[in-house]
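We name chains A, B, ... by the order of the sequence lines, and we start the count at 1 in each one.
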Protein chains: 2
Amino acid sequence: MTTDPSQIQITSVPEEINGLRMTRQRQEVYRFLMGERNHPTANEVFMRIKEALPNISLATVYNCLEALVQHHIIRQVNFDREPSRYCPNLEEHGHFHDETTGTIHDVKFKPGINLRDLLDIPPNTVIKDIEITLRGQLAAS
Amino acid sequence: MTTDPSQIQITSVPEEINGLRMTRQRQEVYRFLMGERNHPTANEVFMRIKEALPNISLATVYNCLEALVQHHIIRQVNFDREPSRYCPNLEEHGHFHDETTGTIHDVKFKPGINLRDLLDIPPNTVIKDIEITLRGQLAAS
DNA sequence: TTTGGAGCAAGAACTATTCTAAATATTACA
DNA sequence: TGTAATATTTAGAATAGTTCTTGCTCCAAA
């Protein structure tokens, strides 16, 4: 990457998050995801980021997303075999996939609910991740 | 497909389930899944079924699995971007993916639990499917 | 300034799955 | 029963999201 003066960092993203060095590319990916709450795909991130970093490659977007996921900065969300989507909401929550619009919405648990208590899991089992996905149609408002 | 006398149907699978005509191939796929509780992938089904139907093709296995899923005879289970797995258990349940062995286990809900009641979903929303997947390590017994 | 490692870009490769076209099997019905 | 219409199967090609490879660039430490 050649240094382009027009691409000096402007907004304040920390140099490092959870031990991950925030390079220019990772910053852009992260910043875009934080603004966008639509659970974009890697390709959608790529298209959008290109406006700021015209030379970025799709592979780099995948690399950035993977790095961010592995450092628990964002979450990867999968619906069936559709392209992975990415989500900056780290709270434990589920995802509702609206079949009519194709949009994805976060689903919170009702207060005081701990999913682990409701499942019949053998004792001492280590649960590293729980994923809840719903599919259906949002009511017309 | 030529009729092979050695392959006359022996076990009792109905001619039709949920309106789906049970062809020889579908029978084999279904029968294998019912016996196997290990959530096999399409390819695993294919390899195993070939013993009984040497001429079956992978595409047919996919066709059969899709038909069975669409007629609510089996369920398709996805873990992240791994190959889809198939499950003959139609009860509402989740899946636990044991990272150490790679095996998948059904997870029941504790009695009286209705997932829908625990999630913060807008009223009148039609939920067609709920999927719960856990990832972690089973306790050493 | 040199060196080593991390990160990036471009495109090739991979792989689960779907599609296509032709062959075969089954059903409907004259 | 015979024949047309429909459904299913097969084999292989195609697709698409993702990962891998290679060479280059950047940055930090010595």
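Between the CG atom of B:Asn55 and the C1' atom of D:dT8 there is a distance of 15 Å, rounded to whole Å. The nearest whole Å value for the distance from the NZ atom in B:Lys50 to the C1' atom in D:dT10 is 13 Å. One can place CG of B:Leu53 at 11 Å from C1' of D:dT9, the figure rounded to the nearest angstrom. In this structure, the CD atom of A:Glu16 is 10 Å from the P atom of C:dG7, given to the nearest Å. In this structure, the CZ atom of B:Phe46 is 16 Å from the P atom of C:dT18, given to the nearest Å. For A:Ile56 and C:dG7, the CD1 to C1' distance is 11 Å, given to the nearest whole Å. Atom-to-atom, CE of B:Met22 to C1' of D:dT8 comes out at 14 Å; the value is rounded to the nearest Å. For A:Gln25 and D:dC24, the CD to P distance is 19 Å, given to the nearest whole Å.
Under 4.0 angstrom from either OP1 or OP2 of C:dC8 there lies at least one side-chain N or O belonging to A:Thr23. For A:Arg26 and C:dG7, the shortest distance from a side-chain N or O to OP1 or OP2 is below 4.0 Å.
The stretch residues 58-85 of chain B touches DNA chain D through B:Ala59, B:Thr60, B:Asn63, B:Arg81, each having a heavy atom within less than 4.0 Å of the strand.
A:Arg81 places a side-chain N or O within donor-acceptor distance of the main-chain N or O of B:Arg81, the cut-off being under 3.5 Å. Side chain of A:Asp98 to backbone of A:Thr100: a donor-acceptor contact under 3.5 angstrom is found.
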Protein-nucleotides 3-5 of chain C N/O pairs under 3.5 Å:
none

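No more than 12 heavy atoms of other residues, nucleotides or ligands lie within 6.0 Å of CD in A:Glu91, so this atom counts as exposed by the packing criterion. Residue A:Arg135 places its CZ atom among more than 12 non-hydrogen atoms of other residues, nucleotides or ligands, all under 6.0 Å distant.
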Pairs of donor and acceptor atoms involving the side chains of residues 107-121 of chain A, under 3.5 Å and at least two apart or interchain, shall be tabulated with distances.
unit_1, atom_1, unit_2, atom_2, d
A:Lys110, NZ, B:Asp117, O, 3.1
A:Asn114, OD1, A:Arg116, N, 3.2
A:Arg116, NH2, A:Glu92, OE2, 2.6

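Evaluation of the ring pair (Phe, Tyr, Trp, His ring centres under 6.0 Å) test over residues 43-78 of chain A, restricted to residues two or more places apart or in two chains, returns none. The list of ring pair (Phe, Tyr, Trp, His ring centres under 6.0 Å) pairs with a residue in residues 88-108 of chain B, not counting sequence neighbours, reads B:His39-B:His95, B:Phe79-B:His97, B:His93-B:His95.
A:Pro40 pairs by the side chain to side chain contact (heavy atoms under 4.5 Å, CB included) definition with A:Phe32, A:Leu33, A:Glu36, A:Glu44, A:Val45, not counting sequence neighbours.
Partner B:Glu28 forms a side chain to side chain donor-acceptor pair (under 3.5 Å) with one of B:Gln25, B:Arg24, B:Arg26 and no other, that one being B:Arg24.
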